[in-house]
Amino acid sequence: MQAQEEKPVFARKASGLVRSLSPFDMVIYGTGFAGLPTMALTAVWMFAWQPGANQGVATLISVGLFVSVMLCFAWFMLSMPRAGADYLFISRSVHPVLGFVSSWSYLVAVAFWAGFITYFMSTTGIPMLLATMGVATTNVGLINLANTIASPPWSTWLPIILVIPFIWGLSLGLLLMPVRKMFVWARFWWWVQIAGTALAIGILLITSQSTFASNYNTLVGKLYPGSGGFNSVISTAATQGFVSSPGFSWIATLAIIPLYGVIFNGAFAPVITAGEVKSLKKSTYIGILGSLPILGAISALIYYSTLHAVGQDFATSISYLNQFNPSALPISTSPQIYLLATIANPNVVLAFIMGISFLAMAFWTAPFNPIYGTRAMFAWSLDKLMPSWMSETNRWHTPKWTPVPVLLLSTVFLLAFVAWSTIVTLFTFISTGWMFMFVCLAAILFPFVKKSMFNASPVSWRAGGIPVMSIAGAIGFIFYVVMFGVYAFDPVYGSTNISIWELQALIIGSGIVAFYAIKAYQKSHGVDVMLAFREIPPV
Amino acid sequence: MSKTRVFFCTDIHGSNICFRKFLGAAQFYNANTIICSGDLTGKLMVPIVQRTDRSYVVRWPIEKEIKNSKELEEVETLVSNSGYYPYRTNSEEVRELMADKDKENAVINHLMIERVKQWCDLADGFLKDKTTKCYLSPGNDDIQEIDPILNEAHFVLNPEAKVTDIDGIREMITLGYSNPTPWDLPRDTTEEQLGNKIEALMSQVKDPKNILLNVHVPPYNSGLDTAPDLDETLKPKMYDGNALTKPVGSTAVRAAIEKYQPLMGLHGHIHEIKAAVKIGRTVCINGGSEYGEGILRGAIIDFDDRGLRSYQFVAG
């Protein structure tokens, strides 16, 4: 048997299909698609989001629950290792209309995200860089400039002004470039963001609460004499009705988990490039499942390092005032960990690295997210659900036309966000969820609807006669139903506002109507779009 | 108005299930003509080794002990559907094959020829009472020895290096040859010779603008031919962690398309690509391949009196 063990197969001289993206690339996509940017943005906001929540515990539970969701993606990727993501999985395993609606709803979400990032860059990212530099150099002018940019009318006009160079310049340019060059760009900024975040976590971990309080008081004394200090932040929040330390609450801890939905769901991103990875099995598990603990560890480290340096009372109070009355803060710039770390250690070089790392997410995630949309429209076009010209490519073989409608949608969302910020923010939280819920549903049904494909796949395991994939799908589906329930009934998420659900109905409904309208149109021209989704019965 | 529907696919590389789907495509897609243009043969032989206790063991895709004839049949079906060749053998022969490359090649060639024979027999039985035209031709991966088998089949037409009449209105020229590849394959040739072969066929067609140019290798730098750039050890060249890609299509094919502007270019060769491009007025398509997963990718192409009416990529 020794010889057999050395030679499982004999290969003749033949052309080979070579896959190119590495497992590490998959980790970059998995952690960077949504997790890192969202974490950087929401970490300090979350302290007051659900007072009494323990973010460390919530992180652990979220990672555990998301394992089932991500297993669905990983196993679909191993069963159908080609580009197309959820649209491919769902349209081929359950029904094309569900695949189209899933993909359409997520396209809307990523288009929104790209618009939101532009808004964020002008109202939070640029002010953050200015504020960290202002704090590090004790330059009140820079901090005032940061506050000015973050406030009306600048917060209204600057995002609109940035639409041209940022969305229709940088993003469009990157989307039209060779994909490899775009990923080189993304990877550079990914490292910048990792470096800045690691620096901030490290500084906060070695800073005692007393040192931070002393630094904060000294800084405020120099910049804004007589405007209070560390303790006044806590007392001001308390006088405005905020209970900073209500004690640990399981309900609050569980209720904060939907926010992690936006952080951890990005781990699915490797499926977008499923057709281009090498070492498929290794890349799939490392890229998708490996991203979850990495994101969880960073999230927990941000939480615990912040608590270590500033304490629960200050963290929740500054978070509360930042959300509801920023002008009551001595330094009213959004208190992200990069600013807190600069206060803890006001070093100009470190402040610049951290400030630029926060801004970095805008440079790469804004063009990075619409890739999903451009590829989805490309796939729809190949399936005759969009005009043929949408699947035309340019000289670098990237989609020539699809970036335009996706970025147009981003521009519309940016303008909507400027006018209607709260509702539109929450609208995307829910909007991103549909796709994951549908994929979990597809995972439940896939082994039963496409028996032969499932049985031939490398994931055809059963436990007690039930396909393991269906079990993972059921857990993930229930998880998302519960999260949607929290969205719907917890006023903290603002989704009790009926117009948010009307918007969702509009998105889902428009997807269904569009699918059947296109189907009917193509039928009238002799094309049956359903043929693209049906398996040929072998003779 | 007359209508012709063609189902076109390529690169099924020995997959039994894909070939059986190919035959089923005519009825399923209501196609008058079905075309499978190389590469027909698989790339791997999977030894299924008999132990002294009469049981078998296979190490693809993972090591598995085979205890009875039902399991043996299931494994052989799985291997064959993936495009590979199951080969019942013993440890002694495995050692011989490892030591003797010529013997290994002889066994694999025999298995490839046998599979093509089985397919032709299956097709002949299935098509004998049907009006479907079935074209099956070799590609650059395929050994020359399969050509006689294709030529001898009764209801399978081998259009290789010929001008064939598709529907009384349009003709098709077919070539499975490719410009040189890093693997130095049976039907790799120079760009000059490829150009000469195309020219020789073009000189026989009635109307160059009204033909299907069914050439396995896609036109150079068309977007249908993007593949990893390989080094001399056949590993992808990497830059910053990413594999570099480059166009690997044929300049001769591109020159012919630009010169004659045929109705349509039908191509394969690069499995990763599923796309359509226009070179001048000519629509060129590559349906890609996923034979390893048992999925038959291809395109439904509709023609009417005015020419190309529509095309639609499908994966069944």
Side-chain angles (χ1 to χ4, degrees), chain A residues 1-22 24-25 28 79-83 92 178-180 183-184 187 275-276 278 382-384 388 391-395 397 452-453 456-458 522 525-529 531-539, chain B residues 17 20-21 23-25 28-29 43-47 49 51 57 59-61 78 81 84 91 94-95 97-98 104-105 108 122 126 140-141 181 183-185 223 226-228 230 234 236 240-245 271-272 274-277 290 293-294 296 300 302 309-310 312-316:
Chain A
M1 284 309 302
Q2 184 60 32
Q4 162 69 359
E5 282 165 14
E6 288 171 1
K7 196 83 173 176
V9 295
F10 289 88
R12 74 180 178 100
K13 196 163 70 171
S15 56
L17 187 154
V18 185
R19 294 173 184 269
S20 59
L21 299 173
S22 69
F24 180 63
D25 288 322
I28 287 184
S79 303
M80 304 179 206
R82 49 198 189 274
R92 265 65 179 176
V179 176
R180 183 177 58 77
F183 286 153
V184 169
R187 188 178 303 175
E276 299 156 61
K278 56 186 180 184
L382 288 175
D383 281 349
K384 292 289 179 186
S388 297
S391 54
E392 287 180 18
T393 55
N394 61 21
R395 56 190 288 206
H397 312 308
S452 59
M453 196 190 292
S457 77
Q522 291 287 28
H525 287 70
V527 176
D528 180 0
V529 296
L531 288 179
F533 308 99
R534 290 187 189 138
E535 188 174 0
I536 307 167
V539 301
Chain B
I17 188 80
R20 289 167 55 216
K21 287 181 176 180
L23 291 179
F28 189 73
Y29 295 131
K43 302 176 182 188
L44 296 178
M45 176 181 79
V46 179
V49 183
R51 291 165 160 171
V57 66
R59 289 192 65 218
W60 180 92
L78 182 66
N81 283 346
Y84 306 142
S91 299
V94 168
R95 276 193 293 273
L97 293 173
M98 287 174 64
E104 179 191 324
N105 285 339
I108 296 178
L122 180 67
F126 180 72
N140 68 315
D141 255 313
T181 69
W183 296 274
D184 188 22
L185 297 170
T226 308
L230 305 179
L234 303 181
D240 195 28
N242 284 328
L244 300 176
T245 58
H271 303 180
E272 297 93 327
K274 178 181 87 170
V277 297
E290 284 173 65
E293 286 78 41
L296 181 65
I300 302 166
D302 286 330
R309 180 180 160 94
S310 69
Q312 179 183 10
F313 289 111
V314 288

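Residue numbers begin at 1 in each chain, while the letters A, B, ... track the order of the sequences. For the numbers below, each heavy atom of this structure counts, side chains included, while hydrogens, waters and symmetry mates do not.
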Is B:Phe313 close to chain A through its backbone or its side chain, or both, or neither, when contacts mean heavy atoms under 4.5 Å? both

Taking the side chain as every heavy atom from C-beta outward, state whether B:Trp183 and B:Asp141 have any atom pair closer than 4.5 Å. no

Which heavy atom in B:Ala275 sits nearest to a heavy atom in A:Leu382, and how many Å separate them? CA-CD2, 4.5 Å

Between B:Leu296, B:Leu97, B:Asp302, the one whose heavy-atom pairs under 4.5 Å with chain A are most numerous: B:Leu97

Taking atom CZ of A:Arg92 and atom CZ of A:Phe533, what is their separation to the nearest 0.5 Å? 5.0 Å

Measure distances from B:Ile300 to the heavy atoms of chain A and classify the residue's part below 4.5 Å as side chain, backbone, both or neither. side chain

Could you tell me which non-hydrogen atom of B:Tyr29 sits nearest to which non-hydrogen atom of A:Arg534, and how far apart they are? OH-O, 4.2 Å

